[in-house]
Structure formats: structure tokens, C-alpha cells
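The structure under discussion appears below in the form of C-alpha cells.
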Amino acid sequence: MKKTTGSDPSVTAKWRPATQAVRAGTARSQFGETSEALFLTSGYSYDSAEEVAARFAGEAEGMQYSRFKNPTVEMLQHRIAAMEAAEACLAQASGMAAMTSALLCMLSAGDHVVAGRAAFGSCRWILDNVLNRFGITHTVVDGTDNAAWEAAVQPNTKAFFFETPANPTMDLVDLEFVCSLARSKGITTVVDNAFATSVLQKPIDFGADVVAYSATKLMDGQGRVMAGAVCASKQWIEEKLSPFQRNTGPICAPFNAWVVLKGLETLSLRAPAQSASALQVAQFLEERGLRVLHPGLPSHPQHELCQRQMVAAGPIFSFIAPKGQEQAMALCNALELIDISNNIGDSKSLMCHPASTTHYNMGVEGRAEAGIEDGMLRINVGLEDVADLIEDLDQALGKVGL
Ligand SMILES: *Cc1c(COP(=O)(O)O)cnc(C)c1O
């Protein structure tokens, strides 16, 4: 059995991303299995009472209980950290468990957060309905406006929290500017990188402190399991997130971790392929005369920033049905191949109407503030032949008079 299966971080850190995606983290059992083993166990047994005492005292390495550590989950954490070029990673039960934990583990009453206004509905909900209840205030800014970040900083600002690209407006945040502003003021940046993944964008390279994920999306890539991950420095993970997570329990199930490990093996092929198809679909819609929000298009106001900080713009983008919600819904209903679904990152192409689904709970005012129009449609472009997707959109647009 080869030693370099992937369990040594000093080895995996030197591998190129595609190799990390397939092998980093793999820790083989005594059987030498090629595919990562699925350890469905909550507990562990020990050779002696002294051994278990040493592990609880933090003096010996090893497993104690799967709320703390599980071998399959550890393989996933190692793989994600290697791909992200992060010192450490902890996996969670879902993307929202990851976002909630990343914020709650480090914030206290009296602290202040600055957040991008365009965000996944539940990310806004945490700020408005959880953090607020515990005396943690926030200011929402137009994430595309560098000066707005600077102006929103207060003496008690402890975190910047944003997505880039943001869901579903595809607004980008200037990672280099915003992360260095945060650094200069001792503020921790938490970047939700679900729309890109490390294959398309590495926020840590631009100075981000914490990179949080819904692994449900592109990492799984086939729409199977819920999972999340938080990457950061070893010190932040050990001092802030790990004690919070061990004691509150938003952990990733071993089965889900195993599925995501398998998903990651193909991520470096899927993400660029889906991005290329998405750009083609976006070009088709733009040529058809529709307003398209896709930072990979030269018409997008942040196209230059996209080229600076992203390898490709990803599989997801939005466009506007000019006559509003009724026309947007009719377009969804007219699709024959592309599914109506609010999920993203899947290898199947999916479309949804954010104002009535993912961002419904924000209310009319919240949506107006976040730039979510009634006619907006969000599409996740999958791995089907792009010609079939364009044909489907072509016939559906025809049916709604577009
Ligand atoms: C889906 C998503 C989340 C939430 O992740 P879950 O795995 O569904 O809990 C958070 N942020 C973004 C940008 C997302 O797309």
C-alpha cells in the first residue's frame, strides 16, 4: 500500500488541484481499499483507560466520538482544506450550518457585522433573526461598492460577511479590496464561496480569513446530499470553530461526507465544463435581447473584476423576463428538458424564480434592497449537451413571446 495516499498534508499541499480533488485526505485502513471507506460509527473503542484519558486530555491523537471527529469526515475536511490551500477545515451538516457556525463561534453581544446586500435568503435571515436577538447588529451594503464597505465600518465591527458571486444577482465583491480593508482594521472576512468553489475562485489568495461553503451545491455536484464546510487558519479553527462545533453539534454525517468526497473527485472537470456551457447559454439569451446577469459576459459591469479574481464565472446566472413574475413563471412552465428546481450546482440543468422561492421570505422590501426583480430567473447550467439546453430555452421563450 502506497504511503502517499493523501493522508499527509505536507505531501498533498504540493499536489496540483486536480490531484488534490481525487486523492487529498484519503486515509486507507488496514485493508488498502482504493475508494475512501465509509465509517458509519458514532463511537470508538480504546486499548486502555489511559489511552482514552489521553485523548480526552488532548494529549493523544485519535477518535473519541463522531460529534468531534470521524475518519470519513476527516478525509473530506483534509481534501477541502488542501484544495482551498487553507490550513484547516471543518465540515458541517449543511451550508447554513456552516454559515451559522462561522458567525456564532466568533461574535458576541455588542459586535457589528457588515454584510453584502445580495445574499442567499437564509444568510440574510441569520443576520436579521438570529444575530439580532443576541445583540449583534449589522449593516447591509451594496457589495459591489468598495466605498460602501469602508463607510459601514464601526469601531465594533468584527466581521465582513458576503457571497461572491452573490445569489441570485451575480453581483461580485472585490475580494482584494474588501479583504485588505478588513485586514487593516482587524475585521474577520467570511466569504461564502458556494457559487464558485476553490476550482473557480480562491478567496484566501486575496486575503480572506474564513471561506464557508454549502457543499450541497457544486462540491457534491449531483444533487444528492446536504453538507457544508468552513475553511480558515489552524488557529481560528482550533480556538473559535472547533469548540463551538464540538459542543453544539452541527456536524456533517459520515455518509454525506463520503458522497461529497466522491463528488470532489470530478469537481475540476465539472466546474469548468458547466461554466463554459453557462456562458454559451448566457450569450444565447443576450443575443435574444434579454437582460442577462452573468459576470463572464463583456456586457456585465463587473466583467473585468470577474476576470481578475475568477478562473471562470461558474454554472449559475440570472436573466430577466421583462414582463415580470407571470412571464417568468410561464417560461419555467414551458421548459421541457430543464427542470424547475431551486437547487444549484447539480449536473442537471435547473431553473427557478427566486422572488417566489429562495428569496420569498425576504419580502418585497428585502428583495428590492437586494436587487431581486420580479421577473428574475436563475439558471444552473448542468452537464447536458449545451445545444439541447439552448433548444429547450429557444422553444420555451417562443411560447412566452420572447
Ligand atoms: C445553498 C446556499 C447556501 C445554503 O446551503 P445549504 O447547503 O442549502 O444549507 C448558502 N449560501 C449560498 C450562496 C448557497 O447557494
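Residue numbers start at 1 and run along the sequence shown. In each ligand, atom 1 is the first atom listed, and ligand 1 is the first ligand listed.
For ligand 1, the atoms lying closer than 4.0 Å to a non-hydrogen atom of Ser94 are 7 (O), 9 (O). Listed by number with element, the atoms of ligand 1 under 4.0 Å from a non-hydrogen atom of Ile344 are 15 (O). Using a 4.0 Å cut-off to heavy atoms of Phe195, the atoms of ligand 1 that qualify are 15 (O).
The number of heavy-atom neighbours closer than 6.0 Å to NZ of Lys262, taken from other residues, nucleotides and ligands shown, is above 12.
Lys158 and Ser108 share no side-chain donor-acceptor pair at under 3.5 Å. In this structure, a donor-acceptor pair under 3.5 Å is absent between the side chains of Thr137 and His112. In summary, the side chains of Ser101 and Gln245 do not present any donor paired with an acceptor at a separation below 3.5 Å, with no hydrogens or angles considered. Between the side chains of Asn167 and Arg378, a donor-acceptor pair is found at a separation under 3.5 Å.
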Apply side chain to side chain contact (heavy atoms under 4.5 Å, CB included) to the pair Glu87 and Trp236, showing each step before the final yes or no.
CA-CA 10 Å; Glu87 286 177 11; Trp236 190 88; over 6 Å; no

Would Trp149 and Phe162 satisfy ring-ring contact (aromatic ring centres under 6.0 Å, His included), going step by step from the backbone distance to the final call?
CA-CA 11 Å; Trp149 288 97; Phe162 59 91; 5.3 Å; yes

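By the 3.5 Å distance cut-off applied to N or O atoms, Gly95 is counted among the residues near ligand 1. In terms of polar-atom proximity, Phe120 is not counted as a contact of ligand 1, lacking any N or O under 3.5 Å from an N or O of the ligand.
Here Glu163 has side-chain heavy atoms under 4.0 Å from ligand 1, and that is the only part of it that gets that close.
The shortest contact between atom 15 (O) of ligand 1 and any protein heavy atom is with Lys217 NZ, 2.8 Å. For atom 9 (O) of ligand 1, the nearest non-hydrogen atom of the protein is Met96 N, 2.8 Å. The nearest heavy-atom contact from the protein to atom 7 (O) of ligand 1 is Thr216 OG1, 2.6 Å. The nearest heavy-atom contact from the protein to atom 12 (C) of ligand 1 is Asp192 OD2, 3.3 Å. If you check which protein heavy atom lies closest to atom 8 (O) of ligand 1, you get Met226 CE, 3.6 Å.
Ring pair Phe317/Phe319 is tilted by interplanar angle, where 30° to 60° counts as tilted.
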